[in-house]
Amino acid sequence: MFTGIIETQGLIKEIRKEDENLHITVNSSITNELKIDQSVAHNGVCLTVVAIENDNYTVTAIKETIDKTNVGDWKENDFINLERAMKLGDRLDGHIVQGHVDQTGICKMVEETNGSWRFIFSYDASLNNITIEKGSITVNGVSLTVVDSKVNEFSVAIIPYTYDHTNFKNFKIGTKINLEFDVIGKYVAKLHALK
């Protein structure tokens, strides 16, 4: 479990394909605190540390993860958002994030608004995921509040700290992002689909 509060960013040093898997080596300031078998969220995707060498660590993404996330679009020298799993008893500063991406979305608009930024994202509504205005959403692992909610799109407001400390500053129109919808929103969507 995660909170959606990004600790740091990592730099992708190497991506190696083996059969249908991708072995991704990341350089990060938190590497010396990691252990093999530990879960780390990478742009919101929970991946297990399988190797550590100096300031680099490696995780493996399987086909299902690659198919459902933007992992397949990652390139060497990309920066990704990182968060280690939360500790039991810690404050929950964001919201409950599982690290299981529901689907990807596309950045439709980036607008600077007097010191902050407004982003609009679209997603495939046929997968029965929904956003709720003032509810929570996870974009590339970042816990955010939905500002405007529509059937297949939503907007979020980004403060300067989040903009500077995550890969939001690299988003452009057309950027593919990972989405994990709020657990409560998923429950509401499931109930709605049963009617």
Side-chain angles (χ1 to χ4, degrees), residues 1-12 24 26 28-31 33-34 38-49 57 59 61 65 68-71 73-74 78-108 110 116-123 127-149 153-171 175-190:
M1 299 293 273
F2 303 91
T3 66
I5 303 299
I6 302 305
E7 288 186 72
T8 189
Q9 291 185 74
L11 177 68
I12 297 176
I24 303 152
V26 178
S28 167
S29 61
I30 62 171
T31 300
E33 299 174 42
L34 299 178
Q38 193 168 15
S39 295
V40 178
H42 301 74
N43 276 358
V45 181
C46 180
L47 298 170
T48 302
V49 176
Y57 68 92
V59 294
T65 302
K68 290 187 176 179
T69 69
N70 67 4
V71 169
D73 296 335
W74 294 355
D78 279 353
F79 282 95
I80 53 175
N81 298 326
L82 301 176
E83 180 191 0
R84 287 175 288 173
M86 67 179 179
K87 295 178 187 172
L88 205 55
D90 276 358
R91 288 185 180 90
L92 182 61
D93 292 322
H95 71 282
I96 294 173
V97 176
Q98 295 176 304
H100 303 154
V101 172
D102 295 304
Q103 65 184 94
T104 58
I106 300 293
C107 181
K108 288 186 64 178
V110 180
S116 63
W117 288 263
R118 181 171 175 247
F119 288 81
I120 296 178
F121 299 104
S122 64
Y123 62 95
L127 298 176
N128 291 325
N129 291 309
I130 63 168
T131 58
I132 300 168
E133 210 160 295
K134 306 300 179 258
S136 297
I137 185 76
T138 307
V139 177
N140 269 10
V142 181
S143 172
L144 299 166
T145 301
V146 174
V147 176
D148 296 310
S149 176
E153 72 176 38
F154 65 93
S155 68
V156 294
I158 301 297
I159 62 172
Y161 181 88
T162 303
Y163 188 84
D164 291 339
H165 291 86
T166 68
N167 58 12
F168 266 79
K169 61 184 162 289
N170 302 323
F171 291 1
T175 298
K176 186 193 287 186
I177 46 92
N178 292 322
L179 295 172
E180 181 179 330
F181 293 80
D182 185 34
V183 173
I184 296 167
K186 289 181 199 179
Y187 178 72
V188 170
K190 196 74 106 176

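Just the heavy atoms: all of them, side chains too, but no hydrogens, waters or symmetry mates, feed the values below.
Partners of I6 according to the side-chain contact (heavy atoms from CB on, under 4.5 Å) rule, which considers only residues two or more places apart in sequence or in another chain, are N81, V142, T166. Applying the side-chain hydrogen bond (donor to acceptor under 3.5 Å, both in side chains) criterion to D73, with sequence neighbours excluded, gives K176. The side-chain contact (heavy atoms from CB on, under 4.5 Å) search around S116 returns T113, not counting sequence neighbours. Listed by chain and number, the residues in a side-chain hydrogen bond (donor to acceptor under 3.5 Å, both in side chains) with S149 are T131 (sequence neighbours excluded). A search for side-chain contact (heavy atoms from CB on, under 4.5 Å) contacts involving T175 returns C107, F171, K172, I177, not counting sequence neighbours. A search for side-chain hydrogen bond (donor to acceptor under 3.5 Å, both in side chains) contacts involving Q38 returns nothing, not counting sequence neighbours. Annotation: side-chain hydrogen bond (donor to acceptor under 3.5 Å, both in side chains) contacts of Q9 (sequence neighbours excluded): none. For V71, the side-chain contact (heavy atoms from CB on, under 4.5 Å) criterion is met by L22, I24, V45, A61, T65, I66, T69, W74, not counting sequence neighbours.
Scanning all heavy atoms of the two residues, the minimum distance from D182 to S136 falls at CB-O, 3.2 Å. Nearest heavy-atom pair across F2 and M86 is O-SD, 4.3 Å. The heavy-atom pair separating V26 from G10 by the smallest distance is CG1-CA, 3.8 Å. Counting all heavy atoms, side chain and backbone alike, G44 lies closest to V101 at O-CG2, 3.7 Å.
Applying the side-chain contact (heavy atoms from CB on, under 4.5 Å) test between F121 and each of I106, V146, V139 identifies V139 as the sole match.
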Exercise for review: Go through D148 and R118 one step at a time and tell me if the side chain to side chain contact (heavy atoms under 4.5 Å, CB included) criterion holds.
Suggested key: CA-CA 11 Å; D148 296 310; R118 181 171 175 247; 3.4 Å; yes
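Separation of atoms SG (C46) and CE (M1) is listed at 10.5 Å; rounding is to 0.5 Å. Atom CG of residue N129 and atom CG of residue D102 lie 4.5 Å apart, to the nearest 0.5 angstrom. The line from CG of L144 to OG1 of T138 is 7.5 Å long, rounded to the nearest 0.5 Å. Residue I158 holds its CD1 atom at 11.5 Å from NZ of K169, rounded to the nearest 0.5 Å. Between the OH atom in Y57 and the OG1 atom in T48 there is a gap of 11.0 Å [rounded to 0.5 Å]. Separation of atoms CG (L127) and OG1 (T104) is listed at 9.0 Å; rounding is to 0.5 Å.
In summary, the aromatic rings of F181 and Y123 are positioned with their centroids under 6.0 Å apart.
One N or O on the side chain of N140 and one on the backbone of N178 form a donor-acceptor pair closer than 3.5 Å. Between the E180 side chain and the V97 main chain, no donor and acceptor come within less than 3.5 Å of each other. Looking at E83, its side chain does come within 3.5 Å of a backbone N or O of G4 through a donor-acceptor pair.
The stretch residues 153-163 participates, sequence neighbours left out, in these salt bridge (Lys or Arg N to Asp or Glu O under 4.0 Å) pairs: K108-E153, K150-E153.
Ring geometry for F168 against F119 counts as perpendicular: the plane angle is over 60°, on a 0 to 90° scale with 30° as the lower cut.
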